[in-house]
Amino acid sequence: MIKDLVCALDFSAYAEVALGLFVAAFAVIFYGAMKLSSNASARFASIPLSDDVEDPRDE
């Protein structure tokens with residue numbers, strides 16, 4: 001019975017939904033990165049070079 005149910009499901013729609021979710025998440029992250037000010041992006045870029053642990057979003 002479960003085998004018949006699984007065989008009857010169409011998984012092709014799930015792949016399209018997953019691709020849509022990936023593109024939406026990528027677009028949101030890209031938009032957020034483009035909205036950063038130059039000062040904030042400079043602080044984020046300096047994180048790997050700094051020995052001090054600080055959150056650039058605190059300032």
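The basis for the numbers below is simple: all heavy atoms, side chains too, and nothing from hydrogens, waters or symmetry mates. Counting from 1, the numbers follow the sequence of the chain as shown.
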Asker: Tell me, yes or no, whether the heavy-atom count around Ile2 atom CD1, taken from other residues, nucleotides or ligands under 6.0 Å, exceeds 12.
Answerer: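 For Ile2, atom CD1 is not crowded (no more than 12 foreign heavy atoms under 6.0 Å).
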Asker: Once you round to the nearest 0.5 Å, how far does OG of Ser41 lie from CE of Met34?
Answerer: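 With rounding to 0.5 Å, OG (Ser41) is 9.0 Å from CE (Met34).
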Asker: Could you tell me the separation between the CG atom of Leu21 and the CZ atom of Phe26, rounded to the nearest 0.5 Å?
Answerer: 15.0 Å
Asker: Shortest non-hydrogen contact from Phe11 to Val6?
Answerer: CE1-O, 4.0 Å
